[in-house]
Amino acid sequence: MELAGLSVAQAIAKVYDKSRYPRVLICCGPGNNGGDGLVAARHLFHFGYKPNIFYPKQTKNELYQRLIIQCNNLDIPFINNLSDQLKQSDLVVDAIFGFSFTGEVRAPFDQVIQELKETKLPIASIDIPSAWDVEKGNIDGRGFTPTMLISLTSPKLCARQYNGIHFLGGRFVPPKLEKKYDLQLPLYAGTEQVIDITNLSGEKL
């Protein structure tokens with residue numbers, strides 16, 4: 001999760017310069033995707049951004065509670081009013097639902113998804129855009145289309161339907177696992193934690 005969140009922050013920094021997009025709103029869900037968002041918020045702070053976190057359904061899990069404490073130690077604000085904060089932000093990070101999401105979007109996230117569908121701010125989604133089916137994509141238009149997608153480990157099947165800015169992060173796949181599942185991941189340059197795969201979208205990776 002630490003490496004995934006770092007990858008997200010690095011990808012964002014490559015596309016959305018802090019001089020133009022300093023105010024970043026991270027919308028977190030209750031699962032691993034939200035945890036990645038909490039980690040990314042901390043790294044973005046250290047990169048010079050001004051993150052705010054919207055985390056309406058917090059879990060009691062000790063791991064996530066520690067991530068919250070780390071953000072609190074940096075005085076990263078946790079906000080309650082999404083509508084107001086959207087008006088004061090330059091960029092949104094979608095860390096609501098990950099690849100394990102299935103079924104219907106329930107409260108309070110149904111309203112969150114709707115507000116993100118209506119905002120004109122750029123949105124960077126972690127792993128898959130929230131409310132998308134991991135294989136079939138944006139079924140019946142229930143989700144939104146982000147301006148940037150940061151796939152983790154490997155792009156999911158739904159990414160074949162995505163045509164925006166696309167980065168791959170999560171440089172932690174063991175060679176044996178990559179070979180077992182024939183992932184055919186691109187090579188990361190030097191010590192980079194992310195790679196721009198925008199022009200590879202739709203191809204097998």
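Starting from 1, each residue takes its place in the sequence as its number.
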To the nearest 0.5 Å, tell me how far [X] [atom1] sits from [Y] [atom2].
X	Y	atom1	atom2	value
Gln111	Ser83	CD	OG	7.0 Å
Leu187	Glu192	CG	CD	13.0 Å
Gln161	Ile128	CD	CD1	11.0 Å
Ile150	Ile165	CD1	CD1	10.0 Å
Tyr188	Ser7	OH	OG	6.5 Å
Gln65	Ile69	CD	CD1	7.0 Å

Between [X] and [Y], is any pair of side-chain heavy atoms under 4.5 Å apart?
X	Y	value
Ile197	Pro155	yes
Asn72	Phe78	yes
Asp133	Cys158	no
Lys180	Lys176	no
Asp94	Ser130	yes

What is the minimum heavy-atom distance between [X] and [Y], and which atoms define it?
X	Y	value
Phe97	Val105	CE1-CG1, 4.0 Å
Leu86	Leu121	O-CD1, 3.3 Å
Ile76	Phe45	CD1-CB, 4.0 Å
Gly170	Leu152	N-CD2, 4.3 Å
Asp84	Asn81	N-OD1, 3.0 Å
Pro122	Tyr21	CG-CE2, 3.9 Å

Examine the side chains of [X] and [Y] and answer whether a donor and an acceptor come within less than 3.5 Å of each other.
X	Y	answer
Asp182	Gln184	yes
Arg171	Gln193	no
Asp196	Thr198	yes

Check the orientation of His43 and Phe47. Use parallel for under 30°, tilted for 30 to 60°, and perpendicular for over 60°.
tilted

Could you tell me whether Lys136 atom NZ has more than 12 heavy atoms of other residues or ligands within 6.0 Å of it?
no

Can you tell whether the side chains of Asp127 and Lys156 come within less than 4.0 Å, N to carboxylate O?
yes

Any ion pair linking Glu135 and Arg160 (charged N to carboxylate O, less than 4.0 Å)?
no

Any donor and acceptor pair, going by atom type alone, linking the side chain of Arg42 with main-chain N or O of Gln70 inside 3.5 Å?
no

Tell me which donor-acceptor pairs under 3.5 Å the side chains of residues 137-146 have, and how far apart each pair is, sequence neighbours excluded?
unit_1: Asn138; atom_1: OD1; unit_2: Arg142; atom_2: N; d: 3.3
unit_1: Asn138; atom_1: OD1; unit_2: Gly143; atom_2: N; d: 2.7
unit_1: Asn138; atom_1: ND2; unit_2: Gly143; atom_2: O; d: 3.4
unit_1: Arg142; atom_1: NE; unit_2: Ala131; atom_2: O; d: 2.8
unit_1: Arg142; atom_1: NH1; unit_2: Gly103; atom_2: O; d: 3.1

Tell me which donor-acceptor pairs under 3.5 Å the side chains of residues 28-36 have, and how far apart each pair is, sequence neighbours excluded?
unit_1: Asn32; atom_1: OD1; unit_2: Tyr64; atom_2: OH; d: 2.6
unit_1: Asn33; atom_1: OD1; unit_2: Ile96; atom_2: N; d: 3.3
unit_1: Asn33; atom_1: ND2; unit_2: Ile126; atom_2: O; d: 3.1

Enumerate donor-acceptor pairs with a distance under 3.5 Å from any side-chain N or O in residues 48-55 to protein atoms, sequence neighbours excluded.
unit_1: Tyr49; atom_1: OH; unit_2: Tyr16; atom_2: O; d: 2.5
unit_1: Tyr49; atom_1: OH; unit_2: Lys18; atom_2: N; d: 3.4

